[in-house]
Number of protein chains: 2
Amino acid sequence: MPEEPKTERGRRTRERILAAAAGLIERQGVEATSLDQVLTEAQASKSQLYHYFADKQALVRAVIAWQTATVVDGTAEQLAGVDSWAGLDAWFDALVAHQRSLDCHVGCPIGSLAAELADTDEPARQDLARAFDSWAAQLRAVLDRLRDRGLIRPEADTATLAQFTLATIQGGLLLAKTTRDPQRLRAALTAAGGYLRSLASPP
Amino acid sequence: MPEEPKTERGRRTRERILAAAAGLIERQGVEATSLDQVLTEAQASKSQLYHYFADKQALVRAVIAWQTATVVDGTAEQLAGVDSWAGLDAWFDALVAHQRSLDCHVGCPIGSLAAELADTDEPARQDLARAFDSWAAQLRAVLDRLRDRGLIRPEADTATLAQFTLATIQGGLLLAKTTRDPQRLRAALTAAGGYLRSLASPP
DNA sequence: ATCCGATTGGACCGTATAGTCCAGTTGTGT
DNA sequence: ACACAACTGGACTATACGGTCCAATCGGAT
């Protein structure tokens with residue numbers, strides 16, 4: 001019954017609710033965020049929310065889709081021209097700088113959602129698994145480019161390396177967020193970069 | 001007013017409540033676990049809970065302490081004799097096997113708690129930060145041993161390497177839990193091991 | 001046997017939350 | 001200008017939750 005605004009006004013309302021929900025959930029988590037909080041921040045009413053979303057779970061899934069698009073597309077943009085170690089380092093630096101600017105709150109929206117929902121909301125878990133997969137695919141594309149340029153040896157398994165890199169990023173973000181110390185992320189990323197570089201020449 | 005059982009019976013009651021809370025929170029998260037659920041599983045009553053814990057937050061902090069002790073002490077035991085690459089690999093294998101046996105639910109209790117509580121419960125965040133620190137210290141001790149044996153070059157910064165290793169473990173667990181695929185953890189750990197090995201000889 | 005603190009059962013309370021309902025308003029196509 | 005669907009406001013409901021309270025019971029010390 002709900003979903004899909006038919007007018008411009010409706011579209012903006014839906015967007016306002018979604019943005020407010022995304023922000024609050026990013027900061028507090030799903031369970032800790034109430035619909036009333038979302039509605040207050042979005043300047044909307046109950047009936048507006050339920051006009052566009054079947055229930056809270058549907059809203060959460062929409063938030064997942066929004067965050068996935070934001071993070072993955074944002075990463076794609078930043079990684080688009082990267083074809084050197086310096087370029088990869090610059091991206092790592094940007095990640096660390098971003099966390100520092102947020103005082104290490106939040107971490108990664110996808111990672112936080114995954115940690116909270118993986119065991120309690122199966123459809124959400126699948127969405128998030130796909131999000132991680134497309135993110136890893138982006139990283140793999142970069143590694144492939146580095147390999148094609150001769151910076152990584154040809155027989156290296158870039159898909160697996162991408163999984164490793166993503167894992168290290170996620171773990172580094174979690175440690176940084178927990179200790180409020182961006183150096184934890186820094187350490188993790190520097191080492192990950194070091195490993196990738198160590199794959200330059202054949203054994 | 002609450003805390004500290006004075007008799008053996010009380011001690012067991014407190015322990016039952018704590019164990020039930022730890023299990024439920026590990027599977028569902030803090031917010032998704034209600035006190036009534038805990039009491040049903042522990043076969044205890046409200047007054048018993050509030051006799052030993054000031055409020056839900058106090059119970060959660062006790063769970064954090066319990067899980068920290070379990071995980072860190074467990075790790076200490078498993079890593080105690082490790083002084084070779086084979087030993088480290090065996091530990092990694094055990095981590096992967098454990099996740100596989102759990103069908104990749106749960107992941108790491110400390111990591112899950114950290115992701116959920118870091119931004120909403122400051123004292124809990126500090127507890128968890130300390131948990132990560134002592135865990136990292138254990139890893140560092142192993143790396144120091146490897147270094148002393150000449151397997152890692154002397155000038156390597158084992159503290160930073162320990163942070164990196166912990167981050168990769170946490171991230172690998174998160175990816176595995178989200179995708180229900182233990183290979184994600186496997187890939188992360190194998191790469192981390194590869195990096196540590198690459199530090200054998202001077203540049 | 002008696003006492004007294006430790007412990008226990010469970011009814012009870014206030015509140016916050018997800019979700020419902022419907023009457024009213026707005027805007028768009030004709 | 002009219003009709004009709006899209007949209008909105010907000011009161012309302014049921015329930016689940018964290019937390020309180022107090023009377024009853026238990027068990028060791030004297």
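Letters go in sequence order (proteins before strands), and every chain restarts at 1. Everything quoted here is computed from the prediction, not taken from an experiment.
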- Note on the structure: Q43(A) CD to dT8(D) P, in whole Å, measures 13 Å

- Query: With a 4.0 Å cut-off, would you call D119(A) and R180(B) a salt bridge?
  - Reply: yes

- Message: If the cut-off is 4.0 Å, is Y52(B) near the phosphate of dT7(C), judged by side-chain N/O to OP1 or OP2?
- Response: yes

- Looking at CZ of R147(B) and CG of D144(B), how far apart are the two atoms once the value is rounded to the nearest 0.5 Å? 4.5 Å

- Item | N or O in side chain of T13(B) less than 4.0 angstrom from dT8(C) OP1/OP2 | yes

- Does CD belonging to E77(A) count more than 12 external heavy atoms closer than 6.0 Å? no

- Can you tell me how far the CZ atom of R14(B) sits from the CG atom of L59(B), to the nearest 0.5 Å? 9.0 Å

- Nucleic acid contacts of residues 115-124 of chain A, taken as heavy-atom distances under 4.0 Å to DNA chain D: none

- Item | Value rounded to 0.5 Å, distance of OG1 in T168(A) from CG in L196(A) | 8.5 Å

- Side chains of E41(A) and Q37(A): do they bring a donor and an acceptor to under 3.5 Å? no

- Item | Residues from residues 19-41 of chain B lying under 4.0 Å of DNA chain D - heavy atoms | T33(B), S34(B), L35(B)

- Query: For H98(A), does the NE2 atom have more than 12 heavy-atom neighbours from other residues, nucleotides or ligands under 6.0 Å away?
  - Reply: no

- Query: Nearest-Å distance, CZ (R14(A)) to P (dA6(D))?
  - Reply: 16 Å

- In whole angstrom, give the distance that lies between atom NZ of K56(B) and atom P of dG19(D). 8 Å

- Whole angstrom value for the distance that separates P of dA5(D) from NE2 of H51(A): 13 Å

- Just how far, in rounded Å, is P of dG9(D) from CG of L49(A)? 13 Å

- Residue among D181(A), D89(A), D93(A) satisfying salt bridge (charged side-chain N to carboxylate O under 4.0 Å, His left out) with R186(A): D93(A)

- Message: With a 3.5 Å distance limit and no angle check, can you tell me whether R16(A) reaches the backbone of Q43(A) through a side-chain donor-acceptor pair?
- Response: yes

- Calculate, to the nearest 0.5 Å, the distance between atoms CG and OG1 belonging to L128(B) and T178(A) respectively. 6.5 Å

- Item | I17(A) CD1 to dC7(D) C1', straight-line distance once rounded to whole Å | 11 Å

- Reading nucleotides 20-30 of chain C from the 5' end, what letters show protein touch, with B for base, S for backbone sugar-phosphate only, - for no heavy atom under 4.0 Å? BB----SS---

- Task: Return no unless some side-chain N or O of Q48(B) is found under 4.0 Å from OP1 or OP2 of dT8(C).
- Result: yes

- Query: At what distance, to the nearest 0.5 angstrom, does CG of L143(A) lie from CZ of F164(A)?
  - Reply: 10.5 Å

- Query: Nearest-Å distance, CD (Q57(A)) to P (dT17(C))?
  - Reply: 19 Å

- Query: Expressed in angstrom and rounded to an integer, what is the separation of R16(A) atom CZ from dC7(D) atom P?
  - Reply: 13 Å

